[in-house]
S.K.: 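Dropping a structure here in structure tokens format, bear with me for questions.
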There are 2 protein chains.
Amino acid sequence: MSQSVPRRRAPRNSLSAELIVDRALALLDDKGIDAFSMRALAEELGVGTMALYTYFRGKEELFKAARDRVLSTYQPPSTSGSWDEQLRALCLSMYELFTGRPSVLQLLAEGKAEGDFADAASVTMEQVVRLLCGSGLDRQAAARAAGTLIGFTIGSALRQVRECHAEGGPAAQAELMRHRFAILSPERHPALIDLAPELTLAREDGEGQYTFGLGLILCGLRDLAAAAAPRP
Amino acid sequence: MSQSVPRRRAPRNSLSAELIVDRALALLDDKGIDAFSMRALAEELGVGTMALYTYFRGKEELFKAARDRVLSTYQPPSTSGSWDEQLRALCLSMYELFTGRPSVLQLLAEGKAEGDFADAASVTMEQVVRLLCGSGLDRQAAARAAGTLIGFTIGSALRQVRECHAEGGPAAQAELMRHRFAILSPERHPALIDLAPELTLAREDGEGQYTFGLGLILCGLRDLAAAAAPRP
DNA sequence: ACCTGAACACCGTTCAAGT
DNA sequence: ACCTGAACACCGTTCAAGT
């Protein structure tokens with residue numbers, strides 16, 4: 001007679017911090033952060049739950065390791081061109097890193113993996129800050145611009161990731177949005193109803209939405225830099 | 001001998017959906033979404049946990065009720081001036097609504113309270129879209145601009161809210177940030193270290209950071225509108 | 001050192017029961 | 001209708017024990 005399928009235990013010493021992080025990232029990217037649990041991860045690895053605690057103090061520490069794993073594999077692009085073109089390339093590559101690895105983004109955004117950042121992240125920050133400081137902005141404006149660019153990038157990536165992890169996927173989300181528009185009263189919300197098709201499309205095209213917003217911010221920065229350092 | 005302080009039960013029929021939402025919001029704003037639980041809320045109200053289920057199907061529905069409560073009390077400001085000045089005022093008032101009610105923002109951002117929006121929210125959206133459509137932008141640009149403004153506002157408010165709910169509060173967060181800068185190598189991150197004071201300040205001043213970014217976006221929109229509808 | 005199972009203190013929710 | 005307690009299926013983590 002068949003056993004209750006207890007997924008035969010992995011042989012001793014076959015476990016490692018690396019392997020655990022690998023599987024954790026796979027589980028995270030696959031099912032999302034809400035479906036993640038130490039117990040489920042252990043099950044996946046074919047070990048008892050507490051085996052994980054030999055390698056990590058707890059869930060939090062495992063999350064930080066997962067975050068660092070992804071961030072440390074990140075290669076900032078080598079850029080060229082004017083400072084704003086370089087900023088655009090840097091931000092876009094960050095956006096792609098995040099949307100390509102939804103799990104880590106969720107960890108960062110929900111504050112589950114706070115702590116000292118991996119080196120790759122600070123290298124990119126360094127580039128961003130250097131470009132901004134060389135653009136003619138004063139120090140305060142440069143600092144705030146850095147915050148705006150990073151925040152906008154993370155926020156935009158986060159929105160798209162949530163769209164994908166939401167039940168039913170993007171298709172269902174779009175349907176839900178159409179329904180919301182459908183129940184609005186035409187007298188009170190004429191402009192909203194009129195623009196509904198474009199609004200729905202914009203929401204579906206996360207990357208287009210992001211590049212549009214990024215363009216606006218960079219345009220604002222160019223104007224600001226030009227005003228701060230006018231042609232002599 | 002004293003009882004185990006079972007917080008004497010509330011009299012029968014003293015409970016209501018209103019009262020539950022009230023307390024839920026208080027608990028949420030006070031301790032944050034992570035510390036919230038149906039059990040804790042019931043305890044706070046002096047009733048058994050299951051009493052809540054007489055008024056709400058479950059946690060999700062309670063969250064939606066809490067969200068709607070807050071959004072329906074929101075009064076969009078009456079604006080005047082040019083379209084971009086009006087947009088600025090609308091966005092700022094949304095930002096203040098959210099940062100004033102951290103709990104609801106977290107519900108919205110973490111997708112815990114999805115569903116049809118309250119009326120007040122769509123009234124504001126209507127205004128935003130109307131202003132954008134009247135600015136000279138084409139339809140697609142108007143839709144994307146709306147997405148950018150809303151997304152940036154929610155994202156910025158969320159960052160500030162998390163800053164406040166993080167352990168130790170803003171002060172501890174700033175200290176942590178200084179520490180992060182302190183451990184960077186001066187050879188590899190000269191610009192970052194040089195701008196550290198301003199970056200720390202910018203992070204502490206959430207509202208200043210937001211208005212700065214909003215200004216950049218609006219500046220970009222003005223340029224775009226001017227290019228789309230040049231003087232005849 | 002590496003891994004285990006039992007146990008503890010939580011959680012949301014179902015269910016049968018009481019008023 | 002309104003509210004209860006017991007129970008179920010989860011969760012992260014502690015702890016004593018096994019190899």
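Residue numbers begin at 1 in each chain, while the letters A, B, ... track the order of the sequences.
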S.K.: Rounding to an integer number of Å, can you tell me how far A:E60 CD sits from D:dC11 C1'?
M.R.: 15 Å
S.K.: I need the CD1-C1' distance between A:I33 and D:dC11, as an integer number of Å.
M.R.: 14 Å
S.K.: Does D:dA9 have a Watson-Crick or wobble partner in any strand here, with both distances under 3.5 angstrom, and which is it?
M.R.: none
S.K.: Taking for each residue the nucleotide of DNA chain D bearing the nearest heavy atom, is the 5' side occupied by A:M50 or by A:A35?
M.R.: A:A35
S.K.: Does A:Y53 place a side-chain N or O at less than 4.0 Å from the phosphate oxygens OP1/OP2 of C:dT4?
M.R.: no
S.K.: Rounded to whole Å, how long is the line connecting atom CG of A:L52 with atom P of C:dG5?
M.R.: 13 Å
S.K.: To the closest 0.5 Å, what do you measure between CD1 (A:I193) and CG (A:L199)?
M.R.: 11.5 Å
S.K.: What verdict does the side chain to side chain contact (heavy atoms under 4.5 Å, CB included) test give for B:L158 and B:F98, after you've listed the backbone C-alpha separation in whole Å, the side-chain angles of each residue and the deciding distance to 0.1 Å?
M.R.: CA-CA 8 Å; B:L158 197 58; B:F98 287 141; over 6 Å; no
S.K.: Give the rounded distance in Å between these two atoms: CD1 of A:I20 and C1' of D:dG12.
M.R.: 15 Å
S.K.: At under 4.0 Å between heavy atoms, what does B:M38 touch on the DNA or RNA strands: base, sugar-phosphate, or nothing?
M.R.: sugar-phosphate
S.K.: Does a side chain donor of either B:T211 or B:Y95 reach within less than 3.5 Å of an acceptor in the other side chain?
M.R.: no
S.K.: Please tell me whether B:F36 and B:F63 form a close aromatic pair, meaning their ring centres lie under 6.0 Å apart.
M.R.: yes
S.K.: Want to settle it: does A:A40 or A:R57 sit nearer the 5' end of DNA chain D, counting the closest nucleotide to each?
M.R.: A:A40
S.K.: What's the CZ-P distance between A:F56 and C:dC3, to the nearest Å?
M.R.: 12 Å
S.K.: Check whether any side-chain nitrogen or oxygen of A:T54 sits under 4.0 Å from OP1 or OP2 of C:dA1, and answer yes or no.
M.R.: no
S.K.: Rounding to a whole Å, what distance do you find between A:E43:CD and D:dC11:P?
M.R.: 10 Å
S.K.: Provide, to the nearest angstrom, the distance between the CG atom belonging to A:L27 and the P atom belonging to D:dC11.
M.R.: 11 Å
S.K.: What does D:dA16 pair with, Watson-Crick or G-U, if both distances are under 3.5 Å?
M.R.: C:dT4
S.K.: Are B:E61 and B:K64 close enough, and set up right, to give a salt bridge (charged side-chain N to carboxylate O under 4.0 Å, His left out), and what steps lead you there?
M.R.: CA-CA 5 Å; B:E61 193 173 297; B:K64 282 185 196 171; over 6 Å; no
S.K.: Between C:dT14 atom P and B:K59 atom NZ, what is the distance in whole Å?
M.R.: 14 Å
